[in-house]
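In what follows, a structure is listed as structure tokens, so that the remarks can point back to it.
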Amino acid sequence: MDFTLSEEQLMIKQAAKDFAQSELLPGVIERDETQTFPNELVQKMGQLGFLGMMVNEKYGGSGLDTLSYVLAMEELSKVDASASVMVSVNNSLVCWGLETYGTEAQKEKYLTRLASGEIIGAFCLSEPEAGSDATSQKTTAIDKGDHYILNGTKNWITNGKRAEVYLVIAQTHVEKGHHGINALIVEKGMEGFEIGPKENKLGIRGSDTHSLLFNDVKVPKENRIGEDGFGFKFAMKTLAGGRIGIAAQALGIAAGAYELALQYSKQRKAFGTEISNHQAIAFKLADMHTKIQAARYLVYQAACDKDAKKDYTLSGAMAKLYASEVAMETAIEAVQVHGGNGYVKDYHVERLMRDAKITQIYEGTSEIQKIVISRSILKD
Ligand code: CAA
């Protein structure tokens, strides 16, 4: 497979890198500490087209391919994974889901505003008792003719408070199991919809994560995505692509940690020389570099599969599994290379280490990726 990047792809990568250095890097430590992320920064990401990268231009997007998207995700994630998770959820889960399965009316009403970054969306599948076991939805959407009545709780929702539009997965026909699940578009401000307290997280602390409470929320039927009962398939198909975005995020965290470790090791002296001259450090750098490149190829492969309209469930799961392991391992090693300095906030690597952990958990844990991968390779 030839992964030579086109001029346009290189430009997008550079634009994301420039934005990350000039706009995300200043204040990233403070945002992590205060668990905040200013709206102006989100707006800037929207203006630069990062929030609707793969959406057709007629719906306000940038009309780019998935490879361009993962290139941008890698660069943003090197510096601020809280910013890149917003980008990933809005692009892969919300915009892609709406563009692929939404009605024309839904696209006009919601997608154009989401893709341009005027508003942000959230994807609401997880529940207190349905994280990995996503078929066990307890949130109900009872069919009342021209509308649904939505009741239940969603947990760990990225963009939980900032979002204006929520794609909510809920059970309509309990007797049909996962074939009775629907995906509904819920708007902030609908009566009975409440946003729970913010989670105090280990990492990606700039991104707002909340539980959501639905108490007899009336959702018009025209807000259902796809046919009656399509909700679980919708969630699975959407997540299959989402995993490519998170794989790219993990790759970026790994690459960011590696670049900091490399730079530091060439400056820091111990035992009379730069620490990069000690094999103990040089071998760590060699391992990091090799594994990051392997992860990058897996991420690019998954993105290219999606662009080529091939099945990307397997390649996306492999990319996410491996890139997230490399992110965790590399970030831990980058802290080690920094020694005592790695343990304090100013050097960034401790944040990257905390941020890396979530990539092994959200959009399916590593164990879930192994289920997806093993089922795929065993089915033939
Ligand atoms: N594409 C299309 N359909 C799919 C699919 C895919 N990739 N994966 C599964 N399905 C379909 C199956 O074909 C099956 O349909 P039929 O019954 O009609 O044949 C149906 O979905 C159920 O599939 P399974 O029998 O395989 O279901 P399961 O319960 O055994 O397990 C699972 C499926 C893969 C473990 C799934 O539950 C899963 O992915 N769990 C993890 C959920 C997850 O990723 N949550 C993340 C929350 S979102 C998030 O984190 C966002 C964020 O904030 C950043």
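Numbering of ligands and ligand atoms starts at 1, following listing order.
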Checklist line | Note: Asp65-Lys306 ion pair, threshold 4.0 Å (strictly below) | finding: no
Checklist line | Ser84 side-chain N/O to Leu76 backbone N/O, donor-acceptor pair under 3.5 Å | finding: no
Item checked: Within 6.0 Å of CD in Glu227, more than 12 heavy atoms from elsewhere -> no
Next item on the list: Mind listing the closest non-hydrogen atom pair of Trp156 and Ser126 along with its distance?
Entry: CE3-CB, 3.7 Å
For ligand 1, what N or O to protein N or O distances fall under 3.5 Å?
from	atom 1	to	atom 2	distance (Å)
ligand 1	15 (O)	Lys233	NZ	3.4
ligand 1	17 (O)	His178	NE2	2.7
ligand 1	17 (O)	His179	NE2	3.2
ligand 1	18 (O)	His179	NE2	3.4
ligand 1	18 (O)	Lys233	NZ	3.1
ligand 1	26 (O)	Arg375	NH1	2.5
ligand 1	30 (O)	Arg375	NH1	3.1
ligand 1	30 (O)	Arg375	NH2	2.9
ligand 1	37 (O)	Ser132	O	3.3
ligand 1	39 (O)	Arg243	NH2	3.1
ligand 1	40 (N)	Ser132	O	2.8
ligand 1	44 (O)	Arg243	NH2	2.8
ligand 1	44 (O)	Gly364	N	3.0
ligand 1	50 (O)	Glu363	N	2.9
ligand 1	53 (O)	Thr158	OG1	2.7

Check: Would you say the side-chain atoms of Thr139 and Glu127 include a donor-acceptor pair closer than 3.5 Å?
Finding: yes
Checklist line | Lys188 atom NZ, over 12 foreign heavy atoms within 6.0 Å | finding: yes
